[in-house]
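Step one of this worksheet: look at the structure below.
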2 protein chains.
Amino acid sequence: MTDRARIDDGTTESASKTINRMSEGACCEEAFPANRRISDEEIDGELSVFKALANEKRLRIIEALRDGELCACELETILDAPQSTVGTHLSRLREAGIVRTRKDGKWTYYRIADTASLQLLDLARALSESDR
Amino acid sequence: MTDRARIDDGTTESASKTINRMSEGACCEEAFPANRRISDEEIDGELSVFKALANEKRLRIIEALRDGELCACELETILDAPQSTVGTHLSRLREAGIVRTRKDGKWTYYRIADTASLQLLDLARALSESDR
DNA sequence: AGTTCGAATCGAATATTCTCGATTCGAGGA
DNA sequence: TCCTCGAATCGAGAATATTCGATTCGAACT
């Protein structure tokens, strides 16, 4: 919609310390103490993330934000959906902490909050491709 | 319910080749060609995985199966929900390829199909804990 | 001030998912 | 064979989520 200056990338916050911890030692293994009863709060946390990702339009939004931020109006074009629909999905993603916003004049730019979200999509894709 | 012999663990299939590929090089980074337009089939694949995980009872089932297989009746006790409810959730997880079954007499034992599912939960938990 | 544009939110119709009693099915016994 | 137990499935009501027109809000401009 506009060719104004963009913060192309590098502004997405790095993955959380916990996720970095997952990267040490045997890659992506034994991130948590293995045999530990899980709490309700942790289940709720996982649930809120998965609910935020369990929608086609929201997945498309995240995929579109892989290579950098986009404003809401650009996402409307990409999704080919009305403003209120896209706005609702963006609000859900923001509430879930998946995306962050930056305001510039009357435009609102969205970006991925944590690259761990993208790893999540990659893992899900690999998982779905492996069993068919 | 019963103290019959169990295949305690080691029977869950190893993560898919694609996921193993993700483990090489810089851990859990650049698993996919980076700048590549995603297809509808891939979105559908991601979506089916996330939809299967976007439910509290199903997450509890998966967490319960972390340290080995369990039969349906044991999961009914753990979830404290009626047989038909638990059975429905188990069917969904099986259809999504998240769990596999083994029949022994009149019992059906469930186990995690791919450890990548557990990594998915760990990542989601870390993500939800990082932004609060 | 008023106007316009982009975006957030409201609210109600629609669509999807969840729950769970009831039924069916299959594997062992008696 | 009949009976029982564990589990899969059906079906309908309840709960949740999605859609999107309409409204509101804020920033920029006149």
Side-chain angles (χ1 to χ4, degrees), chain A residues 1-6 43-44 46-62 64-65 69-111, chain B residues 1-6 43-44 46-62 64-65 69-111:
Chain A
M1 272 29 184
T2 158
D3 54 354
R4 71 178 55 246
R6 296 281 171 80
I43 288 278
D44 285 348
E46 296 174 3
L47 189 55
S48 66
V49 169
F50 288 130
K51 281 193 172 183
L53 300 178
N55 176 274
E56 180 179 344
K57 288 194 173 60
R58 291 196 291 274
L59 285 183
R60 288 189 190 283
I61 289 171
I62 297 172
L65 295 177
E69 64 178 14
L70 293 170
C71 72
C73 58
E74 288 172 305
L75 290 165
E76 289 168 33
T77 305
I78 292 174
L79 293 188
D80 189 31
Q83 185 269 325
S84 61
T85 300
V86 177
T88 300
H89 287 300
L90 287 171
S91 293
R92 284 199 198 287
L93 286 174
R94 186 160 37 77
E95 287 165 16
I98 306 285
V99 301
R100 288 179 189 277
T101 59
R102 176 179 70 87
K103 304 210 73 171
D104 181 8
K106 33 188 176 180
W107 289 276
T108 305
Y109 288 88
Y110 286 81
R111 66 180 187 281
Chain B
M1 270 27 184
T2 159
D3 54 356
R4 72 178 56 248
R6 296 283 172 79
I43 288 279
D44 285 348
E46 296 174 2
L47 190 55
S48 66
V49 169
F50 289 129
K51 280 192 173 184
L53 300 178
N55 176 273
E56 180 180 343
K57 288 193 174 62
R58 291 196 292 271
L59 285 183
R60 287 189 190 282
I61 288 172
I62 297 172
L65 294 177
E69 65 177 14
L70 292 171
C71 72
C73 58
E74 287 171 307
L75 288 165
E76 289 168 32
T77 305
I78 292 174
L79 292 188
D80 189 30
Q83 185 269 328
S84 62
T85 300
V86 176
T88 300
H89 288 301
L90 288 172
S91 293
R92 284 200 197 288
L93 287 174
R94 186 161 36 79
E95 287 165 16
I98 307 286
V99 301
R100 288 180 190 277
T101 59
R102 175 179 71 87
K103 304 210 75 171
D104 181 7
K106 31 188 175 181
W107 289 275
T108 305
Y109 288 88
Y110 286 80
R111 66 181 187 281

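Each chain gets a letter, A, B and so on, in the order its sequence line appears, and its residues count up from 1. Just so it is clear, the structure is predicted and the values come from calculations on it, not from any experiment.
Between B:R92 and C:dC18 there is a side-chain polar atom (N or O) within less than 4.0 angstrom of OP1 or OP2. Within the structure, every side-chain polar atom (N or O) of A:S84 is placed at least 4.0 Å from both OP1 and OP2 of D:dA22. Look at A:R94 and you won't find any side-chain N or O under 4.0 angstrom from OP1 or OP2 of C:dA7. Side-chain nitrogen and oxygen atoms of B:Y110 include none within less than 4.0 Å of the OP1 or OP2 phosphate oxygen of D:dG6. For D:dA17, one of the phosphate oxygens OP1 or OP2 lies less than 4.0 angstrom from a side-chain nitrogen or oxygen of A:K51. An OP1 or OP2 oxygen of D:dA17 is reached within less than 4.0 angstrom by no side-chain nitrogen or oxygen of A:H89. Neither OP1 nor OP2 of D:dT18 sits under 4.0 Å from any side-chain N or O of A:T88. In this model, the phosphate group of D:dT18 is approached by a side-chain N or O of A:R58 to a distance below 4.0 Å at OP1 or OP2. OP1 or OP2 of C:dC20 has at least one side-chain nitrogen or oxygen of B:T85 nearer than 4.0 Å.
Whole-Å rounding puts the B:L93 CG to C:dC18 P distance at 10 Å. Rounded to whole angstrom, the span from the CG atom of A:L79 across to the P atom of D:dT19 amounts to 10 Å. Going from atom NZ of A:K57 over to atom P of D:dT18 covers 10 Å, rounded to whole Å. In this structure, the CG atom of B:L47 is 13 Å from the C1' atom of D:dA17, given to the nearest Å. Look at CD on B:E76: it is 12 Å from C1' on C:dC20, rounded to the nearest Å. Following rounding to the nearest Å, B:W107 (CH2) and C:dG28 (P) show an atom-to-atom distance of 9 Å. Whole-Å rounding puts the A:K106 NZ to C:dT4 P distance at 11 Å. For B:E69 and D:dA7, the CD to P distance is 12 Å, given to the nearest whole Å.
Using a 4.5 Å heavy-atom cutoff, the side chains of A:R60 and B:I43 are in contact.
Nearest heavy atom pair, residue A:Y110 against residue A:T101, reads CE2-CG2, 3.3 Å. In this structure, B:L93 and B:A52 approach most closely via the heavy-atom pair CD2-O, 4.0 Å. Shown here for B:N55 and B:H89, the closest heavy-atom pair between the two residues is OD1-CE1, 3.5 Å.
No side-chain donor-acceptor contact under 3.5 Å links B:E95 to the backbone of B:R92.
The base of C:dG6 lies outside donor-acceptor range of the side chain of A:T108, with no N or O pair under 3.5 Å.
Relative to the side chain of B:N55, the nucleotides C:dC18, C:dG6, D:dG6 differ in distance, and C:dC18 lies closest.
Each of A:G105 and A:A54 lies near DNA chain D, and the nucleotide nearest A:A54 is the one positioned closer to the 5' end.
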